[in-house]
A.B. asks: 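The structure's right below; bear with me while I get my questions together.
Here is the naming used below: chain letters follow the sequence lines, and residue numbers restart at 1 for every chain. Atom set for the values below is all heavy atoms of this structure, side chains included, hydrogens, waters and symmetry mates excluded.
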Protein chains: 2
Amino acid sequence: MSLVEKDKPYHHGDLRAALLKAAEAMIERVGVEGLSLRELTREIGVSSNAPRRHFPNKQVLLDALALQGFERLGMVFRRAASSNEREFSQRIIKVAKANIRFAMKNRSLYRLMFASKQRAGAPVELLDAAKATLTAGGSAVVYGQSVGAVIAGDPDQLGLTLLAAVEGLMSLSVDGKFNGVPIEHLAEQVIENIVLGLKPR
Amino acid sequence: MSLVEKDKPYHHGDLRAALLKAAEAMIERVGVEGLSLRELTREIGVSSNAPRRHFPNKQVLLDALALQGFERLGMVFRRAASSNEREFSQRIIKVAKANIRFAMKNRSLYRLMFASKQRAGAPVELLDAAKATLTAGGSAVVYGQSVGAVIAGDPDQLGLTLLAAVEGLMSLSVDGKFNGVPIEHLAEQVIENIVLGLKPR
DNA sequence: ACCTGAACACCGTTCAAGT
DNA sequence: ACCTGAACACCGTTCAAGT
C-alpha cells in the first residue's frame, strides 16, 4: 500500500535519542516541572511506556539529560580555554562569556544540571560528569597562571574563585540581567575586580 | 460531648500560615517536586481544596514560600552585617558563613527561592523581595569600604562580586562540599583571593 | 529486545453547594 | 468569607501480553 517501505516494527531505531531530544526541547518550552512523559510519547508516536526500556522512570531520563548537558558544557569550556588572547583577564572573560552564553541558550537544561547534581540520590556518573566539567572550567580559567599573570597557589582554588563568581552571577540574575545590567557586562567587571583585588594597592 | 469547646467551624484560624509551615516542612522532606497539595491538606485535616481561597493554585503557594524565604535571608544578612569584626575580610566571612548556614539549613527552600526568581512569570513582589534581600547582602559585604579597607568604586558592584562568589560556591557544591572540602572553608579562601586579588602585587 | 494496551493510584483544578 | 464533596482530565508507574 505504501510507496516507501516503512514496516516500522519498532520506532525509528533510536527511541532513546529521540526521547532525549524531544525532552530537551520540551523543558525549554515549558520548564522542567512541565515535562510530561506521556506527552513526550505522544509527540514521538510511541506508546506511553515505550520509554521504560530506556529510562526506567522519569528521574532517570532527567538525570540523563543533565549528564548530557554537563558533557556539552565541558566541551564549551575546553574550546574557550584554547583562545589565544594575550591579556590574562581577557582570556578569563572569554571563558566566562562562553559559559554565560551556554546557560542563556539552555536555561532549563542549565538549571536542571545544577539541580540534579544537588539532588539527594544523584547517580555517581552524574556527579562525576559534573566534577569533570567544573574542573575543566576551573582550569580553563587559570590557564594564565603559567605566564606569571596570576599569583602562586593551588590552581584549582584560584579557578574555583573565578568559576564561582561567574556561576553566582547567573544564579543571582533574572532573565540574564542583574538590576537591569546584562550579566555578560557584569561578568567583565566582576572578573576585573577579582583579578585586581578589592584591597587598595 | 466534649470537655473543651472546639466548635471548629473552620480550621484553626489561620489556614494560610498552617499551609505555609507544613509546605516548608514537606519540601525539606521530599524536595520541591515532591510537594503534594492533597497530602498537605490531609496532614492538616482540611478538604483538598480548602487552600484555594488562600492560594489559587500550587504555584502561588510556592511563590509565597519563596518570598518568605527571601525575607528571612534578608534578616540573616542584616544581622550578620552588624558584626563588629575588626578585619574587613573577617567581616565578609561572617556574612558569607551566615548565608551558607541558611542555605544548608533550608536546602529545598533555598533552591526554590532562586528557581522561583528565575521562573518566566514570576510575580513582581517576589522579584522585589529578592532584589531587596540581595542588595542587603551586597551592602553587608562592602560595609568595610567606609573604613578604607576596600578600593573606591561602585559599592553595589563590589558587593556583587563577593556575593556572586559565595552564591556560586553553593551552586557548585554538592552536599555542602566541593571536591570533599566543606564550603564554609572554601568560602574563606575564595574571599581572601578576591580581597587580595589574583594578580601578583 | 522492544513495544503495546489496559489498569491503578494519585494528582491539580473546577464546579456547585453548604454555613 | 471559608470550607466541603464530587467530578474531570491528566499523570507516572505497573503488569500481562505480543512479536
Side-chain angles (χ1 to χ4, degrees), chain A residues 5-27 29-66 108 112 115-116 119-123, chain B residues 5-27 29-66 108 112 115-116 119-123:
Chain A
E5 65 270 88
K6 36 147 75 176
D7 310 290
K8 210 175 76 167
Y10 301 143
H11 179 253
H12 48 42
D14 204 351
L15 178 58
R16 194 193 135 92
L19 282 166
L20 284 173
K21 191 177 169 188
E24 189 178 339
M26 188 180 278
I27 64 172
R29 232 163 43 228
V30 296
V32 180
E33 60 290 341
L35 180 75
S36 153
L37 285 188
R38 286 185 111 114
E39 196 175 336
L40 222 50
T41 56
R42 262 178 258 129
E43 263 183 23
I44 299 185
V46 293
S47 86
S48 71
N49 69 343
R52 208 137 302 256
R53 298 287 147 178
H54 305 284
F55 307 105
N57 58 47
K58 194 179 180 178
Q59 194 58 253
V60 175
L61 183 138
L62 289 176
D63 285 343
L65 225 41
S108 289
L112 172 65
S116 298
R119 220 188 66 244
Chain B
E5 65 269 87
K6 36 147 79 178
D7 310 291
K8 208 174 73 165
Y10 301 141
H11 179 251
H12 47 44
D14 203 351
L15 179 56
R16 196 192 132 92
L19 282 165
L20 285 172
K21 191 176 170 190
E24 189 179 339
M26 190 180 278
I27 64 172
R29 231 163 42 227
V30 296
V32 180
E33 60 290 341
L35 179 75
S36 152
L37 286 188
R38 287 185 110 114
E39 196 175 335
L40 222 50
T41 57
R42 261 178 260 129
E43 262 183 23
I44 299 184
V46 293
S47 86
S48 70
N49 68 344
R52 208 137 301 257
R53 299 287 146 178
H54 305 284
F55 307 103
N57 58 47
K58 193 179 178 179
Q59 193 59 254
V60 175
L61 183 137
L62 288 176
D63 285 342
L65 225 41
S108 289
L112 172 65
S116 299
R119 219 188 67 244

A.B. asks: Would you please name every residue forming a side-chain contact (heavy atoms from CB on, under 4.5 Å) with B/Pro56, sequence neighbours left out?
C.D. replies: B/Val60

A.B. asks: What's the CG-P distance between A/Leu19 and D/dG12, to the nearest Å?
C.D. replies: 12 Å

A.B. asks: Determine which pairs satisfy side-chain hydrogen bond (donor to acceptor under 3.5 Å, both in side chains) with at least one residue from residues 30-41 of chain B, sequence neighbours left out, and list them in order.
C.D. replies: none

A.B. asks: Specify the separation, in whole Å, of atom NZ of B/Lys58 and atom C1' of C/dC10.
C.D. replies: 12 Å

A.B. asks: Please tell me if A/His54 has a side-chain N or O lying less than 4.0 Å from either OP1 or OP2 of C/dC3.
C.D. replies: yes

A.B. asks: Where along residues 30-39 of chain A does a heavy atom come under 4.0 Å from DNA chain D, residue by residue in number order?
C.D. replies: A/Leu35, A/Ser36, A/Leu37, A/Arg38

A.B. asks: Write out a two-atom table: protein N or O, nucleotide N or O from nucleotides 14-16 of chain D, distance below 3.5 Å.
C.D. replies:
{"residue": "D/dT14", "atom": "O4", "partner": "A/Asn49", "partner atom": "ND2", "Å": "3.0"}
{"residue": "D/dC15", "atom": "N4", "partner": "A/Asn49", "partner atom": "ND2", "Å": "2.8"}

A.B. asks: Would a 4.5 Å heavy-atom cut-off, applied to side chains only, mark A/Leu65 and A/Val32 as touching?
C.D. replies: no

A.B. asks: How long is the span from the CG atom in B/Leu40 to the CG atom in B/Leu20, to the nearest 0.5 Å?
C.D. replies: 9.0 Å

A.B. asks: So, do A/Leu37 and A/Arg52 sit near enough that their side-chain heavy atoms are less than 4.5 Å apart?
C.D. replies: yes

A.B. asks: Whole-Å distance between C/dC3 P and A/Arg16 CZ?
C.D. replies: 13 Å

A.B. asks: Expressed as a whole number of angstroms, how long is the span from A/Leu40:CG to D/dC10:P?
C.D. replies: 17 Å

A.B. asks: Please work out if A/Arg42 contacts a base, only the sugar-phosphate, or nothing of the nucleic acid, heavy-atom cut-off 4.0 Å.
C.D. replies: sugar-phosphate

A.B. asks: Please identify each residue that fulfils side-chain contact (heavy atoms from CB on, under 4.5 Å) with B/Ala25, with sequence neighbours left out.
C.D. replies: B/Arg29

A.B. asks: CG of A/Leu61 versus P of D/dG12: gap in Å, rounded?
C.D. replies: 11 Å

A.B. asks: Decide yes or no for B/Leu35 and B/Leu61: does some side-chain heavy atom of the first lie under 4.5 Å from some side-chain heavy atom of the second?
C.D. replies: yes

A.B. asks: How many Å lie between CD1 on A/Ile44 and P on C/dT4, as a whole number?
C.D. replies: 11 Å

A.B. asks: Go through the structure and list residues passing side-chain contact (heavy atoms from CB on, under 4.5 Å) with A/Arg53, not counting sequence neighbours.
C.D. replies: none

A.B. asks: If I take atom CG from residue B/Leu19 and atom CD1 from residue B/Ile44, how far apart are they, to the nearest 0.5 angstrom?
C.D. replies: 4.0 Å

A.B. asks: Quick one, A/Gln59 and A/Leu62 - any side-chain contact, counting heavy atoms below 4.5 Å?
C.D. replies: yes

A.B. asks: Under a cut-off of 3.5 Å for both distances of each Watson-Crick or G-U pair, what dot-bracket string does DNA chain D give, using [ ] for crossing pairs and | for inter-strand pairs?
C.D. replies: ||.|||||...|||||.||

A.B. asks: Go through the structure and list residues passing side-chain contact (heavy atoms from CB on, under 4.5 Å) with A/Ala17, not counting sequence neighbours.
C.D. replies: A/Asp14

